[in-house]
Amino acid sequence: MKPHSGSKTKSRMENRLFNARSVLASMMLFVCSSCPLPAADFVVGADGKAKAVIAVNAEATVPEKNAVDLLAKYLGKVTGAEFAVVGENAVKADTPAIYVGQTKFAAGQGIDFSKLDREEWVIRSVGAGGVDALLISGGRPRGVLYGVLEFLEWQVGVHWFDPMTECIPSRPTLAVPPMNVRAKPAFAARGINPYVGYSKDNPKADLAPKSRAFWYAINKNCGLDSYDYITGDRETLKQFGGGEPFGSPSTAHNLFMYMPPDKYFDAHPEYYSLISGKRVRTTQICFSHPEVRAIFKQRLREYIKQDRVKANARSEAPPRFYVIMQQDTHPKIFCECEGCMKIFEREGANSGLLVDFVNDLARDIRNDYPDVTLVVFPYTSSIEPPRSLRLEENVAAWIGEYTGDSWRPLTHPHNKENLDLIRRWSAMSKITGTWDYSGTWQMGLRIPAPDIKPVAADIKTWHDLNGAIYKLNMSTPERRSFYWLDVWVALKMLDNPNQNPERLIDTYLQGYYGPAAPHLRKFIDYASETIAKSEEKIARNELYSLRWRQCYDLPFLNLEYYTRLGEFLDAAEKACPGQDGYARAVRRERLMVDRAVLMHWDWLAAKNKDLPFNREKIVQRFSANGAEWFNWYWESGFVLGGGSMSFDWPRRNLIETEASAFSEYGRKRELPEAFGGIASGDMIDFAWPEFAFDRPAEIQPDAAAFGGKAYHSKVNAYSARWGDQHQGLPSIRIGLNRHYSFPSLSSTWQEISIPRKDLPEDGKYHWYHVGAVPGYDHDTMLRIIGQVGKTAALPFSSLCRPGLENVPHKVYVSMRTENMNPDKAEKGKPELLAIDRVLFVKSAAAGKVDRGTAEGRLSETWDFETEDEALPEGWEVKKSGNPVIGITRQDPGRSNRSLKIEVVEQDKYAAVDSAPLEITAGRTYCLTAKYFAASYTFAPKVYIYFFDAEGKRLEPAASTANCSIKGNWNEIKLQGQAPQEAVAVKARFHSPAKNVGLVYFDEKGYRESSCPSIGRW
Ligand SMILES: [Zn+2]
């Protein structure tokens, strides 16, 4: 193994001197004070000649041998000398030696290897009979390697700053001060997820996993997931002592892996959650049931045994941490059975059920497996700690707390509640940990600033709160300022949280940016101070932000900010005028600032009369720097962005597509005829340049499309299932969503549903009226469901559109499809759903749209995560007696929830009227709904009624239909023509008074036309 040498930037750091003693002082966990240290420095090499040999023992393991090779190789690179590696018995009496490994020499110095932990290392200077020696030893499997790395990084000055860059100082004369240190990484399980990808198209793709795994190994990123996921190359990682993967069956959401509902639910529904009086197979387990606990105890023992057999066969250390984590659904109470409710009421929190359960498992295994720690993962509905329970000593609380402000440390007042909550967990746990996401936005704009300062501070805070497990996701290297600086400094802090992160930042800047370092230091300090000074609370992370912020919600991202950053970058570029790695690294930071300016353009232009930027020049520079950055990865076998091996988006498009989008954006456009009467200020016009940002690879050339390109969502046809590929496939649903407004992961405002048989497939684009949104903002996106195995998402999130948050808009989508209509599809051809344009028209102006061109079905599901399960806004209940009416998770239709109407008394009735939907008089409307009539003799009914402008019902009902009673989900369909005075339509779901019974409804929707082939779609 050798580090990747694609880089021409091997930095020379002649002038960098390490204050070795003070670095070591901060690392010291144990110093043997009884052994006197030699008085003089240990001379490794002088004037380019080796002055010491490297001595090894015959029984060294593979990782220890590799550590020795690493030491010899890099001492050679630094000093220019060649270092001999000899057996320790062959060291001559008068030769200074570095003894590496579990050597006899080290044992002779009193080091007891059996007392050293897996990653614990010792470095000690020894003055033996007038001849100096240095020993580097450690535990197995990684202690010796970590000792060597400690020596190379902090005594010699070698650093591996990213998977493509190693930094090697030139020190022909190299001496190290006397030392005696023993330490190990502060977090036993630590890992930063890799965000450097592969593509099978890259001719050097087979190199990439190896060099990435090597980079992770030598930066002590021991990983938390399976080896394969974290590095893409288990074998390479193993060569360097492996990692710290979690035990079987998985790292997250694994209750159903322990106890699959398919295996147990039918015979034992009581093993699963009781919700609203019914056992549900899709939420959580029944935590208090003794048989459930017995199953888990047995399975846990099986998993541990299997893992040990496997680890033994692979000569790896077995896993020590076993996660038991709730399923990823968020019911208010996990299980409402008597046993669970008793615990819930005592502990006042769902976490009480989890902790009580896992404590029981922990007591069961602790005598047989004293080295195993079970891990509970409190998050979302279990984040609140239990009132009285403490975690057993062999249980860790791995806390997923995601609601704070990640651009500030946990100790900042913005994060007070978050830190208090973590403290409460810490007070009841011997071991804690976090799975964190550093502060970024997944889509659209990222703040052009490094976020390592809060991350570094938080690592220290967690360490002080018994932290032993730390997982950090740092995604989107292609969109984040100072990406590898963030990753590298975080890794060093995970190793030793007590060091000063500012010194690590300096080390990185000097090594990575050379003469530009002082200017980038100013950039970082200015950006950090500006953010620190601002009052704004900034979203916690990319997964669960409080709410996606508007880019213009952050007033500090203003002209002054971008101007100052530009000045620092100008000075940095001037300091390294060449084409070397330093210059490229500086241009890469320019890329991030340019991108932010381009995305912010409208906002900046609205705020500043004469914007002192040349847009065209910035676009050109963005394009050139982006291509350079991408190519640098590509030439080393990597792909910029991406994650694991299978993640093969052609990321090249990211830069190319964005650059062309930035240059296209804002050009004047022709409007389609139907929209001819609308003023440009009354609409937002999105074509490919504006929806190019989330998944740019899906913007494709398309001759039929407006502007020659369109968003393409392609799904391969699978020949094996072609026969029924289009049978029973759902309609295509196009919905308007708010993106990730946690805890409501998806809330659909409105959607249309188009049966596949209605798709024209004539090669042309057609307009569809999707519905209305209460306002346009950063969160808005289209979600397209119905393609096999795919939910496509088309966000419009990247460009600032200030001032429209509370202005209602109607939304029109221009779409075409291929091979999705079963009557027209060509066998074996991929399905294509293409969108070339989306128009948001202010509702006040939408009357001018010729609606004849915009056809579609407006519909509602109940798939939102309301707290109180109330009816949607505007719905009305009519009833006699006390029927049960509400949105429920029981027997849902295709969405997670449905509308439930249950009449429990004879001769009583219940009806629910939907909110009025605005319609056009004279047109025909088709209503469809899914229903499930569970226990009726007389059929429930559905009506549609039209209303005039005063809200008066126009009698009689336009149409009514009976639900047949079949004991499964069916569709009902009815239609009517709107009378001349009609302005709105409502649906009524009605349960008749003649009997008692239960009916569920889901997916109500209207189509502005007669129902296609009524009765049979
Ligand atoms: Zn229960």
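Remember, predicted model here, so these are calculated numbers, not experimental data. Positions are given from 1, in the same order as the sequence printed here. One-based numbering, in listed order, for ligands and for the atoms of each.
In terms of the side-chain contact (heavy atoms from CB on, under 4.5 Å) criterion, residue partners of H268 (sequence neighbours excluded) are, by chain and number, E270, Y271, E291. Every residue was checked against the side-chain hydrogen bond (donor to acceptor under 3.5 Å, both in side chains) condition with R423, not counting sequence neighbours, and none meets it. Remark: Q298 pairs with E302 by the side-chain hydrogen bond (donor to acceptor under 3.5 Å, both in side chains) rule, at least two apart or across chains.
Ion pair D371/R118 not flagged as a salt bridge, since none of the NZ, NE, NH1 or NH2 atoms sits closer than 4.0 Å to an Asp/Glu carboxylate oxygen. The pair D364-R293 does not meet the salt-bridge criterion, since no charged nitrogen lies less than 4.0 angstrom from a carboxylate oxygen.
Inside a sphere of radius 2.8 Å centred on the Zn ion (ligand 1), the protein N/O/S atoms present are C286 SG, C335 SG, C337 SG, C340 SG.
The distance from atom NZ of K879 to atom OH of Y909, rounded to the nearest 0.5 Å, is 10.0 Å.
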